[in-house]
Amino acid sequence: MASVVNVETRDAIRQFLDGHFTTLESLEQVGELVSAEEHTHTQLEEEARVASKNVDELSIKATAAADSVHTSALELIDVHSQIAGSIADSTTSTWEFGDRTVVMDFVGALASDLQTYWKLRYAKEYMDVVLNIELIAERASRALPKDTQGMLSTLSSAVELLSKHGGGINQEGAQQLAEHIRQTVRDIWDSAERAAADGLGESLRKMRWPGKVYQSSATALREFDANFSMLARLEHIARESETELRRNEMELLPEGEAALPLVHLARAVDIRMRFHFESARETSRADKSELWLSRIMGMVRNMVPLLEAHVQDLYNKTGLPAADVRNEFINLVLPIVKRKLVRDREEYQHNGLIVAQVARELAGFEQTLRDAYFFDGASVLDQFLNDVGTFAAWVEAERAQAIKSYMEAIAAPNAFEPAFAADVVGTDEPRPSQIAQRVVLLIEDIGERYEVIPSCMQRLQMLATAQFPLMIALVEDLEAELDEFSRVSLAFMRDAVEDTSGLASNSAQLQQLATWYHTAWFVEEAACDWNSLELYVAMWAGVCQHAAMRGSGADPRDWREGCDAWDEHDRRALDATPAPDGGDWLDGGIWERTIGTLGALRQRILKLIGRAISKDIIRQLRAYRKKASWATEEENDGSSVSTVLGVALLELVHLVESLSDLVPYTALVRVLRELAGEIDSFLVDRVACAHSFNVNGGLQFAADVRALDRVISSPIEGSPSILPRANESARILCCPASSTAPTAGDMELTLDEWTPTVLDSMVDEGEALMVLAKLGIRHLALSDVRRLVRARIDFADHGIA
């Protein structure tokens with residue numbers, strides 16, 4: 001029995017299937033092909049009915065022949081089982097129908113036709129899906145740009161179709177179909193999102209943003225609301241279909257948790273940022289951070305009123321998760337700032353000084369966000385400086401620039417010359433030299449630049465690397481100058497210029513020493529002021545806290561010794577320092593050791609000043625020491641000084657006046673007291689105890705001592721006698737020898753009345769000193785008093801040896 005299936009129709013169907021339905025023209029043939037196959041299916045069903053009847057007849061014949069031909073019967077039963085069980089089974093049975101048609105050939109043809117039917121059924125389903133998705137795409141295209149509801153409807157339909165068929169149809173070409181559906185959904189989403197975003201941007205432009213937003217435009221506000229709401233609906237669709245989209249490996253919403261409408265508000269900032277500052281335009285410069293940060297801040301500042309007055313209410317009506325739109329908007333803008341910083345990172349590391357400027361601008365930017373808009377998000381500045389390469393470049397640039405500036409300043413001929421005229425600065429204020437002022441300014445400038453760093457550990461690294469080396473260099477240079485000054489004998493420190501007097505030379509030495517003194521003093525005073533600044537107080541609290549964590553024996557002043565090896569553990573300890581609330585650490589400061597070093601340097605300079613003056617005055621007093629007429633002095637009223645003392649007295653007056661103008665009062669007092677000690681010892685040991693005196697010589701010595709005392713003590717307010725031993729020596733030398741001698745001096749007793757107790761070696765020393773104390777002699781040693789008494793030639797007649 002031959003098959004009634006049309007061979008040409010079957011070939012056409014197979015050819016069509018092999019084409020995988022890749023063209024729209026092939027869709028037009030679907031209806032005709034389906035109709036033809038439905039007719040063929042009817043014919044096949046009729047043939048199947050006839051075949052079933054023939055099989056029944058064949059079974060009857062096989063049963064009748066079973067008795068005579070058992071083997072043939074078994075074969076007939078086998079054929080019957082195959083026909084009844086599976087029409088698709090192929091066999092080599094040779095049983096035939098009455099018209100000589102081979103039974104299994106017919107069954108094979110029948111199975112082949114049925115398989116073609118099922119293929120066409122799947123093909124129809126495949127083409128229905130393709131047709132639906134193409135129709136959805138066409139409706140979406142027609143809906144743009146005005147029919148937002150139509151666009152959203154087509155997107156929902158496309159997502160629904162994706163959920164049904166995106167997983168694939170179980171036949172050839174299913175993967176291509178699934179990808180086609182996904183791409184269509186993505187295209188519709190992108191078109192809808194782009195249309196809404198463009199409309200949002202256009203409405204903002206109509207409201208004059210990025211300038212100050214003009215909210216009085218009702219038309220622009222309506223457009224803004226419509227596009228904002230459309231973006232919100234898009235997000236709703238995406239979130240409601242999130243499971244199916246993920247199953248199909250699709251992600252429509254941008255990364256992060258921010259709402260889609262707010263994301264596109266921030267993209268308006270992003271577009272302008274990319275155009276002006278992340279392109280080849282002249283404004284795209286890494287060293288002009290103030291330009292792009294101020295531009296972003298301006299756009300935020302002009303957007304916030306709209307967000308607060310209008311967008312917040314609009315957002316609350318969308319049904320999206322609750323959010324503070326102002327805070328969310330700022331959070332979306334900050335990644336733009338981060339991207340710009342990353343883009344310029346290479347240039348920052350090439351020129352580290354730019355980092356300081358960027359850090360300062362970022363700190364101001366974030367401070368404005370916190371103060372004006374109550375923003376409480378993560379710090380971009382902290383993340384920026386946590387980049388090891390960027391921060392290291394900044395530290396090294398600060399160090400290199402500071403050392404270079406210092407070396408230029410110290411090499412200048414006027415490095416230690418006063419920076420200001422003497423009348424500009426008060427007498428009790430430090431008068432800085434050029435180098436001192438330069439060092440202080442450099443240190444303060446560096447501190448001002450890095451005070452914006454949030455991390456205490458990074459601040460300390462900057463302090464140790466860029467600031468302390470300047471202080472160390474200055475101290476070392478001052479010590480080198482002082483060593484040279486001390487090495488060369490002061491006797492040879494005179495000017496080599498002809499016709500230069502000793503007075504001028506001494507003044508030059510004093511001025512040089514005073515300049516060094518004021519240099520150290522000015523920097524020391526600055527360091528004391530720095531110790532009380534909030535920046536350095538917080539750093540000192542940090543190192544104290546860090547030292548406390550290391551153990552009770554750790555000294556916070558030794559923090560520099562290990563700062564190069566600090567790790568993340570140390571950073572957490574330093575950065576977690578609580579606010580200063582008192583404690584032992586308040587007695588110190590981060591600059592404490594520097595202050596101590598400079599203070600010791602000042603004291604050394606004062607000693608050199610005193611040494612220079614005393615050596616010069618003692619040299620001038622050589623002639624006075626050699627005076628031999630003390631025992632033959634004629635009567636005088638004690639009002640005039642010795643002639644031989646005049647030159648020395650004039651130089652002393654000059655030196656004291658010069659010194660009063662060169663050093664502060666406290667330093668002056670110290671130097672004069674040390675000078676007075678030197679002169680006091682000289683007058684007693686080298687003059688009074690070394691010569692013989694008559695009473696007139698004693699009166700002359702007393703006049704000289706008073707003159708010297710007056711000159712030295714004149715700058716010291718309310719000072720008693722500054723030459724106590726010399727004055728007491730003068731009182732003894734002019735004390736009357738006996739009650740019959742002429743009255744002289746101010747001693748209450750004459751020599752013959754009080755000297756027996758003093759000169760008698762058998763008398764207890766304590767008793768002798770008590771006698772002298774009653775006479776007002778408290779500074780001279782008993783041996784000095786005995787020598788002075790023996791020096792009185794007019795007292796030798798009284799028989800006292």
Side-chain angles (χ1 to χ4, degrees), residues 489-494 501-503 505-506 509 609-636 638-656 659 671-714 721-735 744-745 777 779-796:
S489 173
L490 293 179
F492 296 97
M493 290 292 289
R494 306 292 185 180
S501 66
L503 292 176
S505 178
N506 286 334
Q509 291 181 39
I609 291 175
R611 175 186 168 190
I613 294 177
S614 63
K615 279 201 170 187
D616 188 69
I617 295 301
I618 297 302
R619 182 184 62 81
Q620 294 292 338
L621 290 174
R622 287 175 183 171
Y624 184 72
R625 184 190 66 183
K626 296 178 180 179
K627 179 181 176 181
S629 60
W630 298 109
T632 59
E633 284 284 347
E634 298 180 355
E635 185 176 353
N636 62 77
S639 61
S640 58
V641 299
S642 300
T643 304
V644 72
L645 184 63
V647 175
L649 199 60
L650 286 175
E651 175 138 351
L652 181 61
V653 170
H654 174 74
L655 290 175
V656 170
L659 194 61
V671 172
L672 290 180
R673 289 193 182 280
E674 291 180 357
L675 174 62
E678 292 280 343
I679 294 177
D680 200 21
S681 297
F682 177 86
L683 292 174
V684 173
D685 299 335
R686 300 293 186 90
V687 180
C689 293
H691 296 277
S692 298
F693 287 81
N694 61 15
V695 68
N696 293 325
L699 290 172
Q700 184 60 60
F701 180 76
D704 295 343
V705 170
R706 286 194 299 272
L708 289 170
D709 194 302
R710 224 175 10 253
V711 172
I712 297 174
S713 63
S714 60
S721 173
I722 202 167
L723 302 173
R725 295 180 66 225
N727 275 293
E728 291 177 359
S729 298
R731 293 180 66 199
I732 293 173
L733 293 176
C734 64
C735 179
I777 299 175
H779 299 88
L780 285 172
L782 183 59
S783 59
D784 291 335
V785 174
R786 288 171 177 172
R787 290 170 62 192
L788 289 169
V789 172
R790 292 189 180 100
R792 285 288 299 273
I793 61 172
D794 55 346
F795 190 57

Side chain to side chain, Leu621 and Leu645, heavy atoms closer than 4.5 Å:
yes

For Ser681, side-chain contact (heavy atoms from CB on, under 4.5 Å) partners two or more places apart
Asp685, Arg725

Let me confirm one number: the CD-CG distance from Glu728 to Asp680, rounded to the nearest 0.5 Å.
8.5 Å

Within the distance-only criterion (no hydrogens, no angle test), does the side chain of Arg792 pair as donor or acceptor with the backbone N or O of Ser692 below 3.5 angstrom?
no

Minimum side-chain heavy-atom gap Leu723-Val684 below 4.5 Å:
no

If only atom types and distance count, is the side chain of Asp709 paired as donor or acceptor with the main-chain N or O of Ser721 below 3.5 Å?
no

Quick check: do Ile679 and Ser614 have side-chain heavy atoms less than 4.5 Å from each other?
no

Are any non-hydrogen side-chain atoms of Phe682 and Val687 less than 4.5 angstrom apart?
yes

Salt-bridge present (Lys627, Glu633; N to O < 4.0 Å):
yes

Distance from Thr643 atom OG1 to Tyr624 atom OH, nearest 0.5 Å?
11.0 Å

d(Leu672 CG, Ile613 CD1) to nearest 0.5 Å is 7.0 Å

Quick one: do Asp784 and Arg787 make a salt bridge, cutoff under 4.0 Å?
yes

Does some side-chain heavy atom of Ser729 sit less than 4.5 Å from a side-chain heavy atom of Phe693?
no

Is the backbone N or O of Ser640 less than 3.5 Å from a side-chain atom of Gln700, with the two atoms forming a donor-acceptor pair by type?
yes

To the nearest 0.5 Å, what is the distance between CG on Asn727 and CZ on Phe701?
8.5 Å

